[in-house]
Each structure stands twice: as C-alpha cells, then as structure tokens.
Amino acid sequence: MDTPNRSIECTVDQCRYHCSDCDYCSLNTVRIGTHEMNPTEKQCVDCRSFEVKY
Ligand code: SF4
C-alpha cells in the first residue's frame, strides 16, 4: 500500500512511485529538472525522480 505524500500531487499513473488509488506521489521528496537549455514552457520541465512502472 502506497503512502501518499500530500505535498506532492501527481497524475503520472505510469510512474512506479505514483499512488495506485489517488493522484499523489509516494516519495518523501522528488527532484525536478529540465531537458532544455533554456526552459520557457511547462512542457520543458520534468520530474527527474520518475521511473516507469513495470
Ligand atoms: S516520482 Fe515524479 S512522476 Fe513519479 S509519482 Fe512522484 S512526482 Fe510523479
């Protein structure tokens, strides 16, 4: 049973750290980053703690 971290809302159901029954992350902290040299839009920013659910 995942314990939701109510400080980290997340809707990425494909991530192994996503709570199975609610839209929260189960990690204590997450790292946010970017894959762009000069991020200017939401789409430029990523959760670097993401790992795909198997
Ligand atoms: S690690 Fe990132 S992508 Fe995965 S559930 Fe947590 S906040 Fe969402």
Side-chain angles (χ1 to χ4, degrees):
M1 186 74 178
D2 300 321
T3 303
N5 182 340
R6 300 285 176 185
S7 297
I8 307 176
E9 292 186 45
C10 181
T11 60
V12 185
D13 194 39
Q14 295 79 4
C15 179
R16 63 180 292 187
Y17 302 118
H18 185 266
C19 291
S20 53
D21 55 349
C22 58
D23 279 340
Y24 288 95
C25 183
S26 61
L27 295 176
N28 291 329
T29 63
V30 293
R31 178 178 292 263
I32 306 302
T34 181
H35 53 273
E36 302 283 349
M37 293 291 288
N38 182 28
T40 56
E41 299 179 9
K42 286 182 184 179
Q43 295 92 311
C44 303
V45 179
D46 311 295
C47 178
R48 309 302 285 186
S49 301
F50 171 87
E51 289 191 39
V52 72
K53 186 190 292 181
Y54 293 107

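Just follow the structure's listing: the first ligand is 1, and inside any ligand the first atom is 1.
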Do R6 and Y24 meet the cation-pi criteria used here (NZ or CZ under 6.0 Å from the six-membered ring centre, within 45° of the axis)?
yes
Just verifying a value: how many Å separate S49 OG and N28 CG, rounded to the nearest 0.5 Å?
11.0 Å
When you measure from atom 4 (Fe) of ligand 1 to every protein heavy atom, which one gives the shortest distance, and what is it?
C15 SG, 2.3 Å
Among non-hydrogen protein atoms, atom 6 (Fe) of ligand 1 lies closest to C25 SG, 2.3 Å
Quick one: which ligand 1 atoms are inside 4.0 Å of a heavy atom on [X]?
{"X": "C10", "answer": "3 (S), 5 (S), 7 (S), 8 (Fe)"}
{"X": "C47", "answer": "1 (S), 2 (Fe), 3 (S), 7 (S)"}
{"X": "S49", "answer": "1 (S)"}
{"X": "H18", "answer": "5 (S)"}

Under 3.5 Å donor-acceptor, S26 side chain and T3 backbone
no
Correct closest heavy-atom pair for P39 and T34 would be CB-OG1, 3.7 Å
Closest heavy-atom contact between H18 and C10?
NE2-O, 3.1 Å
